[in-house]
Amino acid sequence: MRKLAFVAIGAAAALALAGCASGGNAASTSGADKANIRVWFVGTDTPKDAREYLEKTFAKENPGSKIVIEEQSWTGLVDKLTTSLSGSDSPDVVEVGNTQAAAFTSAGAFMDLTSHKKELGGDDLLPGFVEAGSYDGKFYAPPLYSGARLVFYKKDALAAAGLSVPKTLDDYVSNGEALATANPGKSGIWWPGQDWYNALPFIWENGGEIAVQKGGKWVSELGSADSVKGLKEVQEVMTKASAAPKDGQETNPQVGFCDGTTLQLSAPSWVKWSILAAADADTPGCPDQEANLGVYALPGKNGGAAKVFAGGSNIGISAKTKHPELSLSALKIIESKGFQTIYGKNGLVPSLKSLAPTLGTDDVAKAIAAAAANAKLTPASPKWADVEASGVLTDLFVKIAQGGDVESLAKDADKKIDDTLNG
Amino acid sequence: MSSNIVAMDAAPTAIDGERMTAPAPAAKPRRRRPGGFTPYALLVPSLVILIAIVGWPLFQLIIMSFQKFGRAQVFGAPPEFVWFDNYTKILTDPTFWQVVARSLAFAAVCVVLTMVLGTLIALMMMRLGKFFRLLLTVGLLLAWAMPALTATIVWGWIFDTDYGVINNVLVNLFGLTDFTQHSWLINPLSFFLVAAVVVIWGAVPFVAFTVYAGLTQVPDEVLEAAQLDGTSYVQRFRFIIVPYLRSIFVVVIILQVIWDLRVFTQIFALQGIGGIKEQTNVLGTYIYSVSIAGGEYGTGGAIAVIVVILLMAISIYYVRQTIKEEDL
């Protein structure tokens, strides 16, 4: 009986507390006072020079205030941002993947920057990314940088197999298979099953789409005849040209490249720096391969550069920031020519179109320029981030890599994506 | 010595000559002890803390499970009450029942193996010499202290497709060339084999320590007497040790069932390394993928409430069974 009494007391207290605990807390508004501005960069893409430039310039322009950079990981970013941007301990300035931006602009997580658009770069900003950072006619998150996808290859392996840099997508596929046949156990094109970004050019080049908007509803089109044609080519590469794990992730592509089991791979442009990282770095690369490292833009179906996925980031100010003016000052530095030039020099496409020449004139720069000119984005739905996070796409491509029936797998995935996009 | 005095002293048993007798029922109702309210008052602070950190979130969860609660609501849009919509959606979804079945099966296997292995290790510790017992204790403590995420990543490396030590040993030492680039996670059954290894590896130390602590409390005289009567070791374990340790086993099994049913970290991390999420989701990762990754907090909340009810049903049934047996 005594136990029961406890339960009763507990329940009563719980109810009593529940009734009175929803008191709001007044947000304190402070002007241009001195404060630490927390900036979240995601992943290691943003070079050290750029981070230091931001810290120094900000400290000079805002005496007494300081930038605190906190590096986040891409894995689980959407839910991390959801919880931290909505909480009382929100960071001030945050980077978000361009395909994830809509999830937050639509939810009101970012401060409205429409009236500051001109100061942040205006019409010089990358248009596709401005679209990704806008919602309902308002401008929330300017572009941070764009990273084109390039194909990296071993010059000696290509030469030994008597092949040259492919001119069309079909050449690319047949080259990969020829390399794999000539080098048993190695990857002619390294392609782990979870890597769906690289499959998008195959869909787009064959005239397919991921999802299109029809009459106010999203319709997933992976199962359309054109998309399936592209997906079948993906399966061919994954099963015949790649020796990568069928359920592996695309992280650390430099490992296989450096130990010689990967002869070609398609990856964001900054992977060049992972491959060439010093042998004693935290994630070591193989700088001795520099002369042997070739690079080209993925070719399209009819020559030229293929439509590749335009990866990259937007950056916004949290709607809950306690220091909007200081945050805006930090954002202006990030969008300034000085800061963005550092991205260009490191092989990332700067957010300002006028800075494209900073990429340089070497092979990588030419390939980046070619790829960026024809880059495409994922569907512009606020729910797209949920599709990515749900793992539908990684599951689909793991199953394709296993050799499953492409058409029925694509149709199954369509159903799930439709549910999420329209749910 | 009169039995009256014995009853007044409330001794558990009385000795009447050579025979033991049960205590006589108290002659008059026991007086209420002074300060009967104090213990409750002393409990208030901890109760308040418990309610604040456990009760309030649970209450929020239940409310949320009746609402349409998406990412916009997290950022302040008012949620709309949909009452039982979330629940009907889940309970009619075959995916949910697959996940439940998968979780129950996985938890059952893990609990049984963990208990058997843990008990065997505890029994071994009773027989080991001082040095080896210390060595084993340190080893178990290290396994117990290792964070689940770290452990899973290390196990992931061990089972890695390209560079894993298991594949390497199987191919190079045993000549099993089938295991060249064998993916351990792509097949759901094999995925759960790896997951079970990780989970059991992490859970065995707790069971071993707890059971070992219980074993040291089993009186030697009873075991010795039984030995003199010619019982086998299995008989002694079955009829003496198990009854002595019953309450410990109950608590440990309930904890294991709860832990293994809501396992999250190990499965989630393994899904990142390889495998197909859809075929390997358990309750924990399913709630995560629906609510947090998918942005449908209301639906996720409803699943969580259902899981709480499920866990409570299992525990209550088990506790009741055991109390009944003890009463007999």
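Naming convention: chains lettered A, B, ... in sequence-line order (proteins, then strands); numbering from 1 in each chain.
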Are [X] and [Y] ion-paired here, with the side-chain N under 4.0 Å from a carboxylate O?
X      : Y      : value
A/K399 : B/E278 : yes
A/E388 : A/K383 : no
A/D92  : A/K322 : no

Would you confirm whether the ring centroid of B/F66 sits within less than 6.0 angstrom of the ring centroid of B/F81? no

Is [X] close to chain B through its backbone or its side chain, or both, or neither, when contacts mean heavy atoms under 4.5 Å?
X      : result
A/L85  : both
A/A319 : neither
A/K320 : neither
A/S106 : neither
A/V255 : both

Can a donor-acceptor pair be found between the side chains of B/Y288 and B/N281 at a distance below 3.5 Å? no

Just checking, any donor-acceptor pair under 3.5 angstrom between side chains of A/N314 and A/Y140? no

What do the steps show when you test B/K89 against B/T299 for side-chain contact (heavy atoms from CB on, under 4.5 Å), and what is the final call? CA-CA 8 Å; B/K89 199 164 107 194; B/T299 320; 3.7 Å; yes

Toward chain A, the part of [X] with a non-hydrogen atom under 4.5 Å:
X      : result
B/Q181 : side chain
B/Q60  : neither
B/F268 : neither
B/I186 : both

Any idea which of [options] has the most non-hydrogen atom pairs under 4.5 angstrom with chain B?
options                        : value
A/D247, A/T420, A/V392         : A/D247
A/G108, A/A389, A/P192, A/P245 : A/P245
A/V398, A/D395, A/T394         : A/D395

Minimum heavy-atom distance B/A304-B/L61, with the two atoms named: CB-CD2, 3.9 Å

B/L58, B/T180, B/T161: which one forms the most heavy-atom pairs within less than 4.5 Å of chain A? B/T161

Which one of B/G272, B/S289, B/A77, B/S183 has the most heavy-atom pairs closer than 4.5 Å to chain A? B/G272

Do A/K80 and A/W40 meet the cation-pi criteria used here (NZ or CZ under 6.0 Å from the six-membered ring centre, within 45° of the axis)? yes

